[in-house]
S.K.: 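If you scroll down you'll find the structure; I have some questions about it.
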Amino acid sequence: MNKLLSSSLAAFAAVASAHSAIIDFDLVGTAGSGLLFGNEPGVLSGGTGGEILGGIFYDDVANLLTVNVGWGSGNGFTDLAGSVTNQHVHGPTLGSFGNDGTGNFKQTAGIPAGFALTRTSNSPSTGTIVNNTITFTPAQETDLFDGKFYVNVHTSAVGSGEIRGFLVPAPVPEPASLGLAALGALTLLRRRRA
């Protein structure tokens, strides 16, 4: 019986590991969460943006990052100071969240990655990027999970980039808190039946 149980558990683990995990990502920076001008070094004013629709998430089997972001008042944020000229995911940076210890946000020497994103809507100061996907190599995936890639939106007012936010895996609820939530729901269900 022990062998059967061990075999079943091993088979279940193999099947479970073959399925992808979808990991949610947040946008963060030194000035706060989202696509902010304060996350862009030296930019003192500008618009704001952040995640929209399904947000930003990563499929760890397909090595595929999906990006859904927006900016400007048409998406519930602040309008940008100029028309959008370009938008990218850049990295890897020298340190997590791009801070190399001197306050500079520099990319690692060698060949940094720059993944172009396609705007799905754009007016002078508001726009969206919806369901853009990027395939990462294993080395790039490691840097992605270390917070060394960021979304950057360039404008006519700030050619180097007006708003940015670093891609950071979203916190995952602790299993214990999930268990307590399930226990609470079960208790509530039992009270309703009584």
S.K.: Can you name the residues that form a side-chain hydrogen bond (donor to acceptor under 3.5 Å, both in side chains) with Ser45, not counting sequence neighbours?
M.R.: none
S.K.: Are the side chain of Asp26 and the backbone N or O of Val168 linked by a donor-acceptor pair below 3.5 Å?
M.R.: no
S.K.: Is the ring pair Tyr150/His90 parallel, tilted or perpendicular, if the boundaries are 30 and 60 degrees?
M.R.: tilted
S.K.: Please give the remaining members of the hydrophobic cluster of Phe77, linking ILVMFWY side chains under 4.5 Å, ordered by chain and number.
M.R.: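 Joined to Phe77, directly or through intermediates: Ile52, Leu53, Val130.
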S.K.: If we ignore hydrogens and angles and just use 3.5 Å, is the side chain of Ser33 paired with the main-chain N or O of Gly29 as donor and acceptor?
M.R.: no
S.K.: For Ser73 and Asp79, which I'm curious about, is there any donor-acceptor pair between the side chains at under 3.5 Å?
M.R.: yes
S.K.: Keeping Thr78 on the side-chain end and Gly47 on the backbone end, is there a donor-acceptor pair under 3.5 Å?
M.R.: no
S.K.: For Leu144 and Tyr58, run side chain to side chain contact (heavy atoms under 4.5 Å, CB included): C-alpha distance rounded to whole Å, both residues' side-chain angles, the deciding distance at 0.1 Å, then the answer.
M.R.: CA-CA 10 Å; Leu144 174 67; Tyr58 188 76; 3.7 Å; yes
S.K.: Less than 4.5 Å apart, any side-chain heavy atom of Thr126 and any of Asn75?
M.R.: yes
S.K.: Taking atom types as modelled, find out whether Ser156 and Thr85 have a side-chain donor-acceptor pair closer than 3.5 angstrom.
M.R.: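 No donor-acceptor contact under 3.5 Å links the two side chains.
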S.K.: Quick check on the hydrophobic clustering: are Leu36 and Val84 connected, directly or via other members, by side-chain heavy-atom contacts under 4.5 Å?
M.R.: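 Different clusters.
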S.K.: I'd like to check Val153 versus Arg164 (side-chain heavy atoms, cut-off strictly below 4.5 Å). Are they in contact?
M.R.: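 Val153 does not reach Arg164 side chain to side chain.
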S.K.: Is the backbone N or O of Leu117 less than 3.5 Å from a side-chain atom of Gln87, with the two atoms forming a donor-acceptor pair by type?
M.R.: yes
S.K.: Tell me every residue that passes side-chain contact (heavy atoms from CB on, under 4.5 Å) with Val43, counting only those two or more places apart in sequence or in another chain.
M.R.: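 Val43 satisfies side-chain contact (heavy atoms from CB on, under 4.5 Å) with Phe37, Glu40, Val158 once adjacent residues are dropped.
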S.K.: Between the side chain of His88 and the main-chain N/O of Asn152, is any donor-acceptor distance below 3.5 Å?
M.R.: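 No: the side chain of His88 does not pair with the backbone of Asn152.
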